[in-house]
J.: 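Sharing a structure, written as structure tokens. Questions coming.
If you're wondering where the values come from, they're calculated on a predicted model, not measured in any experiment. As the structure lists them, so they are numbered: ligands from 1, and atoms in each ligand from 1. What you see below is based on every heavy atom in this structure, not just the backbone, and it leaves out hydrogens, waters and symmetry mates.
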Amino acid sequence: MTVGIVGAGQLGRMMALAGYPLGLDFLFLDPAAAPPAAQLAPVLKNAFTDDAALAQLAARCEVVTIDWENVSVAALRKLRRQTRISPPPAAIAAAQDRVSEKRLFEKLGIATTRWRAVGTRRQLDFAVREIGLPGVLKTRRMGYDGKGQCVLRTPADLERAWTDLGQVPLLYEELVPFDLEVSVIGVRGRRGEIQVYPLNHNLHSGGILRLTRAPFGTARLNRLARRHVQAVMEHFRYVGVLTIEFFVRRGRLIANEMAPRVHNSGHWTIEGAVTSQFENHLRAILDLPLGSTRAVGHSGMVNLIGSIPERAKLLKLKGLHLHDYGKKPRPGRKVGHCTLVEPSAARRDARTLKVLKDLAAGVGFP
Ligand code: AMP
């Protein structure tokens, strides 16, 4: 059985690593010269919008999925006559546009930030008057890892933000003084069965995820997050893994954004859950029984940003699992991650902090 994956980044690579023990084969589509998944499986080196290459992918694969959401939904939709596409293109389309995403959350009764769509300079003035300062101006599309966004604190910031971002459709929203950030990862199979992983606590700096620890949060917070991810999956008759990121403020969940795919905050599930998010995504899209999402310990996952530290130094740490994505070093780039699974949350936190300190990552627990 061959799985086609649009995008051959680290997420696709980890899907292949999870799929080979199940006897699966993989074929990727990616225009990059040497993407991370190319070390594991053949890659059609064409643009994501190349109809002929997509048709070839569909013809050679039982199912086509994605490893990043900014693919052409129109091109994917055309393939539906040829093969199965999971997750559903409608969910990918909603996640591509911050305005559709906000409307979806509101429709499903999931609290989100106060926001306004901004298409002109006048609309920006109006949005700032309505929502107030401070706020965040974000591109509606193609934003990731804090790119395409700008925090506005004083009226003087408007002009600079407009000059930086004003060429494309935008969204302005309140800056949430959150207590912390969490994400929930769910998986839904073809017959509608749903499993949800325990909540992740995420620490970002400079818009990039640095650290995740899981399981996290009270039973109540986990229940709320589970209800929200279930509602989104049921709405789309979703198949595969779906992630929602939230701000937590005074015990309330405020949805920030969703990702129709496996997620960086779920990398700990490779060693820290009975079934990883990558394997469960494959199980779901291939109509295989879902695996348990139960945590097998207390996991801490640290992203390796820019370059991989000295391998021997990292591996000297007892029980540390290293994942090197095979990417060229570049400042601000996610090039790998490492995970520790410990018998207690306290021990996990102490050891994860030590890794962060050694990496001089400049982040710590609140
Ligand atoms: P995003 O690309 O929307 O996920 O934003 C990346 C990170 O920037 C988030 O995880 C937050 O740490 C921060 N951020 C984005 N939007 C807001 C907001 N409205 N209020 C506070 N922090 C935000």
J.: Which atoms of ligand 1 are found less than 4.0 Å from any heavy atom of E173?
T.: 16 (N), 19 (N)

J.: Determine, step by step, whether D125 and R129 satisfy the salt bridge (Lys or Arg N to Asp or Glu O under 4.0 Å) criterion, reporting the C-alpha distance in whole Å, the side-chain angles of both residues, the deciding distance to 0.1 Å, and the verdict.
T.: CA-CA 6 Å; D125 287 336; R129 259 203 317 276; 5.8 Å; no

J.: Tell me whether E245 has any N or O atom under 3.5 angstrom from an N or O of ligand 1.
T.: no

J.: Based purely on interatomic distance, does V176 place a nitrogen or oxygen under 3.5 Å from a nitrogen or oxygen of ligand 1?
T.: yes

J.: Tell me whether D67 is salt-bridged to R13, with the criterion being a basic N under 4.0 Å from an acidic carboxylate O.
T.: no

J.: What atoms of ligand 1 come closer than 4.0 angstrom to any heavy atom of F178?
T.: 21 (C), 22 (N)

J.: Return a yes/no value for R98: is any of its N or O atoms, backbone included, closer than 3.5 angstrom to an N or O of ligand 1?
T.: yes

J.: So F247 and F178, would you call those rings parallel, tilted or perpendicular, with 30° and 60° as cut-offs?
T.: parallel

J.: Residue-level breakdown please: for N256 versus ligand 1, do any non-hydrogen atoms fall below 4.0 Å on the side chain, on the backbone, on both, or on neither?
T.: side chain

J.: Of the choices E181, H204, M258, which has the non-hydrogen atom that lies closest to atom 9 (C) of ligand 1?
T.: E181

J.: Take the angle between the ring planes of H201 and F216 and call it parallel below 30°, perpendicular above 60°, tilted in between.
T.: parallel

J.: Indicate, as side chain, backbone, both or neither, the part of E174 found under 4.0 angstrom from ligand 1 when only non-hydrogen atoms are considered.
T.: backbone

J.: Flag the pair K102 and E173 as a salt bridge only when some basic side-chain nitrogen lies within less than 4.0 angstrom of an acidic carboxylate oxygen.
T.: yes

J.: Measuring only between side-chain heavy atoms, which start at C-beta, is F26 closer than 4.5 Å to L40?
T.: no

